[in-house]
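See below for the structure under consideration.
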There are 2 protein chains.
Amino acid sequence: MNAPSHTVAHSCTDCPIRHRAVCANCDAAELAELEEIKYYRSFEAGQTIIWSGDKMGFVGSVVAGIATLTQTMEDGRTQMVGLLLPSDFVGRPGRDGAAYDVIATTDIVMCCFRKKPFEDLMARTPHIAHRLLQMTLDELDAAREWMLVLGRKTAREKIASLLSIIARRDASLKPSGNSATMVFDLPLTREAMADYLGLTLETVSRQISALKRDGVIQLQGKRHVTIPDMGRLMEEAGDDSDGGFLV
Amino acid sequence: MNAPSHTVAHSCTDCPIRHRAVCANCDAAELAELEEIKYYRSFEAGQTIIWSGDKMGFVGSVVAGIATLTQTMEDGRTQMVGLLLPSDFVGRPGRDGAAYDVIATTDIVMCCFRKKPFEDLMARTPHIAHRLLQMTLDELDAAREWMLVLGRKTAREKIASLLSIIARRDASLKPSGNSATMVFDLPLTREAMADYLGLTLETVSRQISALKRDGVIQLQGKRHVTIPDMGRLMEEAGDDSDGGFLV
DNA sequence: TCTCAACTTTGACCCAGATCAAGTGACAGA
DNA sequence: TCTGTCACTTGATCTGGGTCAAAGTTGAGA
């Protein structure tokens, strides 16, 4: 996976994915200002991008690749608390330290803005502040939705919930849009899925096998998934409302 | 519990608890504007304040009493996703519908602002927008911290975590401040605790009995708790960092 | 082509917490 | 005083998912 060169000036809209935070309503002057403070960073799979408690000098969004937000206990137990897919925003404007580790799960490219000037721009630009609040509320909704998954769903429902989220996120990035059947590659190892779902990797494996045996999903290889009937999958997730939630 | 009369004009600072969202840095003109759109509402224990999906015409904060944010599945399983204690803010500026039920756990008084004018004020007033973003980030941190509790902690650790949160929240509202020993009343039934922790009420009861037997807590009656050693409790919670998190 | 390491699957067994079932205790109302 | 209700406790039993162990798969590199 190739990072855009650091030496080439990109306009914001050159990013493969536009920043959900700032692009949509920015005028030319704002975009120029953003351009000044923008830079790209890339990380290899497995690298920790930010350690919990570290000072974070930037905000930004994922251009390509996948990262996770992970909490760790002293004895080593870990819980994934968020999943960063392309176009997702990272950063805590107004906060110094990170509250959790951010770990690259695949090779990843991020488009970053230096934090201080970004905050200054935000303070002067109500529509950016508003957009950030809306994004944070989205994250909060997703986190709370996930609390229901963690607290009350069975292992099978948890797996179905995760597959349905990934499928819908994946579909929203593709032109093909919403059909009943969906095809995608799992971006996570069994262990990462287990970390997300509060399970062990063995249980994840068993439940995926069970869903396959029952015809809810099909697998080509370990990672390539076909979902013949999204409605069926969402029933399995105990998640009838097809309104759906975003990660 | 008596609600302040609706007919008496209160200035914002008359609230027993000041709005964390808006008071601290507001000038006189802003306070006057807030005063215009402010009103009090009270609810009885057990009442649902807002149904998930309902249109919410206000934002506001809790003056006295306790409410919970609760997610429900079609088959009736429920998971509490947030706890509203006095001074906590409720509301989703820029959003129409509520994402979860808000239920009064005790009799409760809320200080509300009409939503539309509040949003207008917010759009004109960067420091209020900034404060709201910070509060939302706090909630997000708390939600993610709670995901670790739900996903990875044992029943005993869950109970200890909840007690330690309530103790610290309680202490932060009292002048007495931080000592090693703390005394407070549990504001939740065993069932509500179970809903918060992703457990059954029987397990909650058993684990509370166990913590009592082991001297980690003392009980006078069912609800009045003494914690002789907060450090010990936080060890039990698997939560060494005494930095602590807010609900 | 072979080898090794990372990832995944599957089996056997166990245990924390759920479920089902009786309790107790405190308090409000008759 | 009795009675019913609500909140809680405790016991007996069951089970979903964890733990431990072994073996299968895949792909990169020699």
Side-chain angles (χ1 to χ4, degrees), chain A residues 1 44-46 66 73 75-79 104-107 149-163 185-214 217-225 236 238, chain B residues 44-46 66 73 75-79 105-107 149-163 185-214 217-225 236 238:
Chain A
M1 199 167 288
E44 285 174 21
I66 287 166
M73 292 173 69
D75 63 7
R77 280 176 281 178
T78 63
Q79 173 67 50
T105 289
T106 63
D107 290 348
V149 173
L150 288 173
R152 292 299 181 197
K153 291 195 178 178
T154 64
R156 172 185 263 244
E157 289 170 332
K158 286 178 176 183
I159 297 288
S161 297
L162 180 58
L163 292 175
D185 286 303
L186 274 176
L188 301 174
T189 65
R190 301 291 185 261
E191 186 178 21
M193 288 190 257
D195 262 2
Y196 204 173
L197 297 166
L199 297 171
T200 60
L201 69 91
E202 293 94 330
T203 298
V204 170
S205 179
R206 272 186 254 272
Q207 295 301 333
I208 288 181
S209 299
L211 288 173
K212 181 180 169 187
R213 175 166 19 80
D214 300 344
I217 64 175
Q218 290 154 18
L219 281 179
Q220 291 81 45
K222 312 285 185 193
R223 298 289 192 91
H224 193 76
V225 181
E236 291 284 351
Chain B
E44 286 173 21
I66 288 165
M73 291 173 67
D75 63 7
R77 280 177 280 178
T78 63
Q79 173 66 50
T105 289
T106 63
D107 290 349
V149 173
L150 287 172
R152 293 299 181 196
K153 290 196 178 178
T154 64
R156 171 184 264 244
E157 289 170 331
K158 285 178 177 183
I159 297 287
S161 298
L162 180 58
L163 292 175
D185 286 303
L186 275 176
L188 301 173
T189 64
R190 302 290 186 262
E191 187 178 21
M193 288 190 256
D195 262 3
Y196 204 173
L197 297 166
L199 297 171
T200 59
L201 69 90
E202 293 93 331
T203 299
V204 170
S205 178
R206 272 186 254 271
Q207 295 301 332
I208 288 180
S209 299
L211 288 174
K212 181 182 170 188
R213 175 168 17 84
D214 300 345
I217 64 175
Q218 290 153 18
L219 280 180
Q220 290 80 44
K222 312 286 186 193
R223 298 288 194 93
H224 192 77
V225 181
E236 291 285 351

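Just so it is clear: chains get the letters A, B, ... in the order the sequence lines come, proteins before strands, and each one is counted from 1. Because only heavy atoms are used, hydrogens play no part in the values below, and waters and symmetry mates are left out as well, while side chains stay in.
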Please report the distance, rounded to the nearest Å, between [atom1] in [X] and [atom2] in [N].
{"X": "A:R152", "N": "C:dT19", "atom1": "CZ", "atom2": "C1'", "value": "13 Å"}
{"X": "B:I159", "N": "D:dT9", "atom1": "CD1", "atom2": "P", "value": "10 Å"}
{"X": "B:K212", "N": "D:dT10", "atom1": "NZ", "atom2": "C1'", "value": "13 Å"}
{"X": "B:K222", "N": "D:dA7", "atom1": "NZ", "atom2": "P", "value": "13 Å"}
{"X": "A:L201", "N": "C:dT10", "atom1": "CG", "atom2": "C1'", "value": "12 Å"}
{"X": "A:Q220", "N": "C:dT8", "atom1": "CD", "atom2": "C1'", "value": "17 Å"}
{"X": "A:L219", "N": "D:dT26", "atom1": "CG", "atom2": "C1'", "value": "15 Å"}
{"X": "B:R223", "N": "C:dG25", "atom1": "CZ", "atom2": "P", "value": "18 Å"}

Report the nucleotide, chosen from [options], that has the shortest atom-to-atom distance to any side-chain atom of [X].
{"X": "B:S205", "options": "D:dC8, C:dG17, C:dT9", "value": "D:dC8"}
{"X": "A:E202", "options": "C:dT10, D:dG18, D:dA7", "value": "C:dT10"}
{"X": "B:L199", "options": "C:dT8, C:dG17, D:dT9", "value": "C:dG17"}
{"X": "A:Q207", "options": "C:dA18, D:dG17, C:dT8", "value": "D:dG17"}

Return yes if some donor-acceptor pair links the side-chain N/O of [X] with the main-chain N/O of [Y] below 3.5 Å, else return no.
{"X": "B:K158", "Y": "B:L197", "result": "yes"}
{"X": "B:T106", "Y": "B:A45", "result": "no"}
{"X": "A:S209", "Y": "A:S205", "result": "yes"}
{"X": "A:Q79", "Y": "A:Y196", "result": "yes"}

Contacts of A:R77 meeting side chain to side chain donor-acceptor pair (under 3.5 Å) (sequence neighbours excluded), chain-then-number -> A:D75, B:E157

Let me know, please, whether A:R156 or A:G221 comes out on the 5' side of the other along DNA chain D by nearest nucleotide.
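Checking each residue's closest nucleotide, the 5'-ward one belongs to A:R156.
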
CE-CG distance between A:M193 and A:L162, expressed to the nearest 0.5 angstrom
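Between atom CE of A:M193 and atom CG of A:L162 there are 6.5 Å.
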
Axis-to-axis angle across the helix from C:dT1-D:dA30 to C:dA30-D:dT1, five pairs each end, nearest 10 degrees, ~ 30°

* Show the numbers, then the answer: is there a side-chain contact (heavy atoms from CB on, under 4.5 Å) between A:D214 and A:L211? => CA-CA 5 Å; A:D214 300 344; A:L211 288 173; 5.7 Å; no

So, is [X] near the phosphate of [N], with a side-chain N or O under 4.0 Å from OP1 or OP2?
{"X": "A:T203", "N": "D:dG18", "value": "yes"}
{"X": "B:S209", "N": "D:dT10", "value": "yes"}
{"X": "B:T154", "N": "C:dA16", "value": "no"}
{"X": "B:T189", "N": "D:dA7", "value": "no"}

Point to revise | Side-chain donor/acceptor of A:R206 to base of D:dT19, under 3.5 Å | key: yes

Touch class at under 4.0 angstrom, heavy-atom based, for B:G198 against every strand present
sugar-phosphate

Residue pairs meeting salt bridge (charged side-chain N to carboxylate O under 4.0 Å, His left out), one or both in residues 185-207 of chain A, sequence neighbours left out, come to A:D195-B:R152

